[in-house]
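Residue indices begin at 1 and follow the sequence shown. As the structure is a prediction and not an experimental result, all values here were calculated from the model.
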Amino acid sequence: FAGAHLNAAITLTHCILGNLPWRKLPAYLIGQFLGSFTAAATVFGLYYDALYDYTKGNFTVTGPTATASIFSTYPAPYVSLLGGFFTEFTATVMLLLGILIIHDEKNNGALKGTQALLTGILVLGIGLGMGMNTGYAINPSRDLPPRVFTAIAGWGMDVFTAGHHWWWVPLTAPILGSLAGVLIHKLFIDFHNQPIPESGNEKRQPVVESS
């Protein structure tokens, strides 16, 4: 949980909780932005011929040959702005709850070495169960940089105005959902956990591991 920070909402939450120094926040966010932006540019380069053939060179955000949603999330036509916000908020709450539980060593956490796999399965489950409304960004770092890239690469400023100016929802809802997920875990699980024992079995094998 303190290793690879790929999600700006989780990184910011770590800073707020005091688990990560605020001075490191810019470096993490810049790294996430550059990684996501570069990934979008790479996909664009690999599939440029296919995109051009499909759209006849007319890159659009909406309409029958819209392709912007390959790179960033957009709400389904039937989803209201409030409904989309609630979807992203709830999905991120579930993400944080799942991650915290997977790594909760005081409450029968996952086996060592399986956390990354289980986190991937968690994200897949969230996508399958809650992804239809909005494409489940649940991460500002995977949504804004590719959106900026598409604005530069030919889709124009429509990427910021489509879906009733949808672009700000994948930035704010995941951050609020991340904080809410941590709060729920603290109130209903973490505060009721027993502390990791300092004695008992550890007396037989002193200083076996250190953190």
*Would you say the side-chain atoms of Arg147 pair up with the backbone N or O of Phe71, donor to acceptor, closer than 3.5 Å?*
no
*Between atom CG of Leu29 and atom CG of Leu34, what is the distance when rounded to the nearest 0.5 Å?*
11.0 Å
*Between Thr119 and Ile102, does a side chain to side chain contact (heavy atoms under 4.5 Å, CB included) hold up when you go through it step by step?*
CA-CA 8 Å; Thr119 301; Ile102 288 169; 4.0 Å; yes
*Please answer: with hydrophobic residues joined when any side-chain heavy atoms are less than 4.5 Å apart, are Leu171 and Val61 in the same cluster?*
yes
*For Val79, does its backbone N or O pair with a side-chain atom of Asn133 as donor and acceptor, under 3.5 Å?*
no
_Crowding at OH, Tyr78 (>12 non-hydrogen neighbours, <6.0 Å)_ = yes
*Distance (rounded to the nearest 0.5 Å) between Leu17 CG and Leu12 CG*: 9.5 Å
*Heavy atoms from other residues, nucleotides or ligands near CZ of Phe86 exceed 12 (cutoff 6.0 Å)*: no
_side chain to side chain contact (heavy atoms under 4.5 Å, CB included) for Val43 and Leu46? Distances and angles first, verdict last._
CA-CA 5 Å; Val43 170; Leu46 284 172; 5.6 Å; no
*Between atom OG of Ser178 and atom CG of Leu95, what is the distance when rounded to the nearest 0.5 Å?*
7.5 Å
*Find out if a path of hydrophobic residues (ILVMFWY) with successive side-chain heavy-atom gaps under 4.5 Å connects Tyr54 to Val159.*
no
*Just how far is it from atom OH of Tyr136 to atom CD1 of Ile126, taken to the nearest 0.5 Å?*
8.5 Å
*Given Leu96 and Ile10, is the side chain to side chain contact (heavy atoms under 4.5 Å, CB included) satisfied, shown in steps?*
CA-CA 8 Å; Leu96 261 290; Ile10 294 178; 3.8 Å; yes
*For the pair Gln115 (side chain) and His103 (backbone), establish whether a donor and an acceptor sit closer than 3.5 Å, ignoring hydrogens and angles.*
no
*Can you tell me how far the CD1 atom of Ile138 sits from the OG1 atom of Thr92, to the nearest 0.5 Å?*
6.0 Å
*asked:* Classify the ring geometry of His5 against Tyr28: parallel below 30°, tilted from 30° to 60°, perpendicular beyond 60°.
replied: tilted
*Should the ring pair Tyr48 and Phe44 be called parallel, tilted or perpendicular, given that the plane angle runs from 0 to 90° and is split at 30 and 60?*
perpendicular
*Do Ser141 side-chain atoms and Asn7 backbone N/O form a donor-acceptor pair below 3.5 Å?*
no
*asked:* With a 3.5 Å distance limit and no angle check, can you tell me whether Gln32 reaches the backbone of Ala8 through a side-chain donor-acceptor pair?
replied: yes
_Determine whether Asn58 and Thr65 satisfy the following criterion, side chain to side chain contact (heavy atoms under 4.5 Å, CB included), listing intermediate values before the conclusion._
CA-CA 9 Å; Asn58 183 26; Thr65 59; 5.5 Å; no
*asked:* Please report the interatomic distance NE2(His185) to CG(Leu100), rounded to the nearest 0.5 Å.
replied: 5.0 Å
*Does Trp166 use its side chain to pair, donor to acceptor, with the backbone of Thr73 at less than 3.5 Å?*
yes
*asked:* Count I, L, V, M, F, W, Y as connected when their side-chain heavy atoms are under 4.5 Å apart, and connections chain through other members. Are Leu82 and Leu176 then in the same cluster?
replied: no
*What orientation do Phe59 and Trp155 show, parallel under 30°, tilted 30 to 60°, or perpendicular over 60°?*
parallel
